[in-house]
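Here the structure is laid out as structure tokens; the discussion comes afterwards.
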Amino acid sequence: MIAVRSLRKSRAGKDALRGIDLEVAPGSVAAVIGSSGSGKTTLLRCINGLESFDDGVIDAFGTTLRPGRAAGHDELARLRRSVGMVFQGFHLFPHMHVLDNLTLAPRAVLGERRDEAETRGRALLERMGLSGREKSMPHTLSGGQQQRVAIARAMMMRPKALLLDEPTSALDPRHALDVLAVLLELARDGQTMIVATHALSFARKAAARVHVLADGEQIECGSPDEVFDNPRHEATRTILDAARG
Amino acid sequence: MRAVVRLVVAWFVFLSLSWVARSARADDLDAIRARGTLIWGADQEGGGPYVYPRDDDPNVVTGFEVELASAIARELGVRAQFFQGNWDKLPDLLRTREIDVVMNGYELSAERAAVMEASKPYYVYGLQLLVRDGDSLDWASLAKKKDPKRKIGVLVGSAADTLSTNELGDAVEVVRYEGNTDCMREVETKKLDATLQDTPIVAFYSPRFPALQAVGAPMAEGHYVLYGRKGETRLIAAIDEALAHLHERGELETLYRKYGLWNDQQKALDGLLGVKSRSAPDAPHAEEPPPIRAAPRKRGLAILTEYGGVLLQSAGMTVLLSVLSFPLAIFLGLLVALGRMYGPRWLKPILAAYVELLRGTPLMLQLYFIFFFLPEVGLRPSAMLTAVLGLAINYSAYESEIYRAGLSAVPEGQVEAALSLGLSRWQALRFVVLPQATRVVIPPVVNDFVALFKDTSVCSVITIVELTKRYSVLSMSTQATIELMILTAILYLAMSLPLSIASRRLEARLDPKRAQS
């Protein structure tokens, strides 16, 4: 269970987040939509402890983050072992091949043996449709493949929840579909996720709840049907129109 | 990683051992006798006939001062031990107790006698004017102004320098050189009009410079003396006594005749050393062998075969200094860079000051500081240790800046990706940031290694004889400057080129874009 209460953050005198409330039940998917600059990325980064915030509380699987400077090391370590993150720009480690990207954290953090971690890594890569690319260097992969490796890398830590920050925004449509297919399968398997995305069809299929952000404020929240078919807010309509192209 | 740690530990053990191995050198006559050696300082770069590398074995020094030192030591009941130091730094070596006495054509002067204990004279020298054969120049005509000004060359800081500046300073341009024979060659090649030299140098080098002629009689007679530390009157008194005995027995005359240095001026030594009756020298004058002079100038390939070996040995010292100091520089530099980027707030300005201080002051000054200042506070690192530490500390400043640039070049997203996977900051640094930064910094770091390689030549100021110093010494004693220069350059290139090639290979190997895919 991830619960965010009245989250506020200002940056350079501007309000980046203005009181966000969000709750994700285990096994469900929350979609966060909004135009760029609306605060989606900041919200996810706060939940992962990559950024501090000014007010409110974040509770993730028993770890509580409070306002102020960075949380303690132990707290953060515990939080990050239960909440994984996938970035818009993948951030694969360019000096390691795919399998090493996957096994670094399990070995360094969980103390897993190399062969154990590699067996799990190979299985995950197969699930992602990346069999045969174990020893490839990241730069030889397409964007879609890189993002799937990044998802697999996060999954290696067996996170209770996965945060995905616009996972397909940097990809062309065909590769985006590959990635979304993987995410849908994860959702079906009951992986808890918070996905900041512009992919409305994916949100409709996978998300239990959709949160709409505009200018750091949550202007609407509901089931996909409620939000997409009956938006109550004018701004939501604009965002939906923009996303539908 | 473990291998690196082991290497660093071994390194520090080596350093601490070399610190301990250096025995404190006591002063005083008793200590010299207990030790069994009289350590005397001189600079073989000064050349003949004082102290210069032997023709048949350039690793060994010879010269009339070398023989005189042996004779004095014998009188004291000990052996003489030569200690190489740069000429102008000999008094510093005396002060820091590296040596017991200075003996290297040092004139008796009020300034020096004020800070050091002077012995009685062991030689009476004069200043001889040299001009090109056929030129009708003499001291009087030099004193007349001419436009453009004539040029006279002298050894910087010598008595010749003082005399020329005082008496001719208005009329001629006094050009100051680091080496005696440089002046003589410059007269020969017409860059100078004249040079003023100590009489022993003129005697010794005349065969090398047949195109030069002595004009007029030697002027401004002066005395060579030994200098000891201020207050060491017992040692100096014993040396005075030894000189008197040597002179009484005619050994000084024999020695000076051997080098062609004996002349009427030396008769003044009787009174100066308080000798009433003097034996004639061993060898009758008639059978006297020709005096030792500078060997004829060698040229071309003969230089290579004769001095290649000894230059190669000195190149070994250059390599040793580099390979000992550079790993330490990298290690220190990495610590400084990490401290500046990720360390506590209070540490950052301190490390910034460290970097600026070391980058903003000359390496030579830093080496002086360690070598000549630390002994004042009771620390006595050896010359080797000083050189290695000095180079390492100096270069750590540059390496830290390179590392800082390399670390900054790794995108922040890499650290965040690592952190979000649960890695600690240290793990993120070690597994993600450092490996990527390393690839970025290899070319500039290798570049610095090559630079350090060449900077080891500065270590001659703290008595270390490496390739460049050896070149200077040999070039001064043989005048085969061009040949030795080429040979030395080839040796430096032979050492640095493989490095550059290895670095290019390493860089290619670490480049993920070229790795197998």
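Sequence lines set the chain letters: A, B, ... in the order given, protein chains first and strands last, and positions in each chain run from 1.
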query: Taking all non-hydrogen atoms of both residues, which atom of Pro443(B) and which atom of Val440(B) are closest, and how far apart?
result: CD-O, 3.5 Å
field: Electrostatic pair Glu401(B)-Arg340(B), nearest N-O below 4.0 angstrom
entry: yes
- request: Could you look at Phe87(A) and say if it's the side chain, the backbone, both or neither that has a heavy atom under 4.5 Å from chain B?
  value: side chain
- request: Evaluate the criterion side-chain contact (heavy atoms from CB on, under 4.5 Å) for residue pair Val446(B) and Ile442(B); output intermediate values, then yes/no.
  value: CA-CA 6 Å; Val446(B) 172; Ile442(B) 281 178; 4.2 Å; yes
Pick from Ala77(A), Ala108(A), Pro138(A), Pro106(A) with the largest number of heavy-atom pairs that fall under 4.5 Å of chain B: Ala108(A)
Part of residues 415-423 of chain B lying next to chain A, heavy-atom separation under 4.5 Å: Glu416(B), Ala417(B), Ala418(B), Leu419(B), Ser420(B), Leu421(B), Gly422(B), Leu423(B)
message: Quick check on Val98(A) against chain B: is it the side chain, the backbone, both or neither that has a heavy atom closer than 4.5 Å?
response: neither
- request: Please flag which part of Arg45(A) lies under 4.5 Å from any non-hydrogen atom of chain B: side chain, backbone, both or neither.
  value: side chain
field: Within 45° cone and under 6.0 Å: Arg107(A) NZ/CZ vs Phe431(B) ring
entry: no
- line: Honestly, the part of Met157(A) sitting under 4.5 Å from a heavy atom of chain B is side chain
message: Looking at Glu118(A) and Arg113(A), is any side-chain nitrogen of the basic one under 4.0 Å from a carboxylate oxygen of the acidic one?
response: no
task: Kindly assign one of parallel, tilted or perpendicular to the pair Tyr492(B) and Phe453(B), based on the angle between their ring planes and the thresholds 30° and 60°.
output: perpendicular
query: Highest number of heavy-atom pairs under 4.5 Å with chain B: which of Leu79(A), Val83(A), Leu141(A), Leu92(A)?
result: Leu92(A)
message: So which atom in Leu367(B) and which in Thr386(B) form the shortest heavy-atom distance, rounded to 0.1 Å?
response: CD2-O, 3.9 Å
message: I'd like to know whether CG of Asp189(A) has more than 12 heavy-atom contacts from other residues, nucleotides or ligands below 6.0 angstrom.
response: yes
query: Is Lys40(A) reaching over with its side chain to a backbone N or O of Gly34(A), donor-acceptor style, under 3.5 angstrom?
result: yes
